Amino acid sequence: MLEISDQPLDVAAVLRQVEAPGAGAVNAFVGTVRNQAGGRPVRRLHYEAYMPMALRQLEHVVAETRRRWPMLQAVAVAHRVGTLVIGDVAVVVAVSTPHRAESFAACQFLIDTLKQTVPIWKREEYEDGTEWVAAHP
Amino acid sequence: MLEISDQPLDVAAVLRQVEAPGAGAVNAFVGTVRNQAGGRPVRRLHYEAYMPMALRQLEHVVAETRRRWPMLQAVAVAHRVGTLVIGDVAVVVAVSTPHRAESFAACQFLIDTLKQTVPIWKREEYEDGTEWVAAHP
Amino acid sequence: MTPESLPATQPALLTVLLFGITRDIVGQSSLSLPMPADGTVGGLFATLRARYPALAALRSLAVAVNSEYAFETDPLHPHDEIALIPPVAGG
Amino acid sequence: MTPESLPATQPALLTVLLFGITRDIVGQSSLSLPMPADGTVGGLFATLRARYPALAALRSLAVAVNSEYAFETDPLHPHDEIALIPPVAGG
């Protein structure tokens, strides 16, 4: 399941997607909205995605993860877009593998690569303005 | 929350335990019962724990994890005991940290160390007998 | 009509979709631009950087053609879906 | 009564809890054993290995005293909660 949605994400539902009888290990990463960024209080976050490129690039990330970890059983990714407040879930990545170590490595590769290549942007809203995250060096 | 229980584990409830306003990253590991071990079909698993030593050792594992990752926000561990069938959740470990990489490292250290030091044993049941896992070289 | 004004000699128009900070820099969510003289992604970059100097200050800038990241030497076609991709920040 | 039969000269009894494969090897879930002559975890190990040779085939074997892993040189006391810990396999 690869999903980009403006509705609240259901973490448990994403985890259920990767259950498999041959998978003894599930690793999941959940990214949530923090109350601050670099010490500056954050009020809200605004996410936008370029669909369908985001889904296409997400497919590439999953394909590359499967190429590197051929024993991967199942993968599920859900990313939220729209306006999020503190504590809201922005992204859920879950993988299942036969053994433990691979589940950590594959999940970490997947979220790291997603953050580098999938065209999603976020704008942080502070008390006194907003800023596009990572836009400038 | 550190829990060893003979009741089915609620993965979503364990994840909720580590939500924190300063935590942008949650990593969770879920260990489930596989349908085979070393190519041999597994019918059921029987887990037993030495309480209260298991809880004490679990506390040590968490303390050592906090010592190594002082930025750790919250930790939750739930381990099932009793008889489990294929697909049942045996263990859930969840941690929250401000940033992503630490969440993976701390969660992996926690489950790796738990498996080495917490007095819990498992007996695999096959078509034609049972065996204590890892008992012999 | 002089030959220069014939429709066949006018450069094709490209539509470039804008996201994130590039939409703020340009002030609109898409741009209509003439096909660059060399017909490549690199030519499009040159046009955009000349018109919007603020793009040079970004940490990175990519062009996507039909949902894939493009190289500067890739050719552009009038019906391609083209987008400007400022630094991504998902997750 | 000879001095040897006086209660004060009888060695104290230790209770050793057994889990996992050690319970199967011994055939019961706890053992009552005399305090080893040197009063240490190492002495208890020696007694157990002599009585139950199958323990030597295990990948590892530890003794826990009051819920903590013990060293061979640690002293034992009659009211300690003592347990034999075969290779653990949680998770």
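Everything quoted here is computed from the prediction, not taken from an experiment. Here is the naming used below: chain letters follow the sequence lines, and residue numbers restart at 1 for every chain.
- Annotation: maximal heavy-atom pairing with chain C below 4.5 Å, among A:Q57, A:E131, A:H46, occurs at A:Q57.
- Here A:R40 pairs with A:D128 in a salt bridge; the nearest charged N to carboxylate O distance falls below 4.0 Å.
- Contact tally against chain C (heavy-atom pairs below 4.5 Å) for A:A90, A:P52, A:A135, A:G31: the top residue is A:A135.
- Contacts of C:L61 with chain A are absent, with no heavy-atom separation under 4.5 Å from either backbone or side chain.
- With A:F104 as the aromatic partner, A:R100 does not meet the cation-pi criteria of under 6.0 angstrom to the ring centre and within 45 degrees of the ring axis.
- Heavy atoms only, all atoms of each residue included: A:Q116 and C:V88 are closest at O-CG2, 3.5 Å.
- The aromatic rings of A:W121 and C:F19 lie parallel to each other, their planes meeting at an angle below 30°, with 60° marking the opposite boundary.
- Proximity to chain A (any heavy atom under 4.5 Å) is restricted, for C:D24, to the side chain, taken from C-beta onward.
- Contact record, A:Q7 with A:R80: O-CD, 3.0 Å, taken as the closest heavy-atom pair.
- Of the two parts of A:V118, only the backbone, made up of N, CA, C and O, holds a non-hydrogen atom closer than 4.5 Å to a non-hydrogen atom of chain C.
- Heavy-atom distances place both the backbone and the side chain of A:Y50 under 4.5 Å from chain C.
- Looking at A:E48 and C:R23, a side-chain N of the basic residue comes within less than 4.0 Å of a carboxylate O on the acidic one, giving a salt bridge.
- With a 4.5 Å cut-off on non-hydrogen atoms, A:H136 touches chain C through its backbone and its side chain both.
- Of the listed residues A:P119, A:A54, A:A49, the one with more heavy-atom pairs under 4.5 angstrom with chain C than any other is A:P119.
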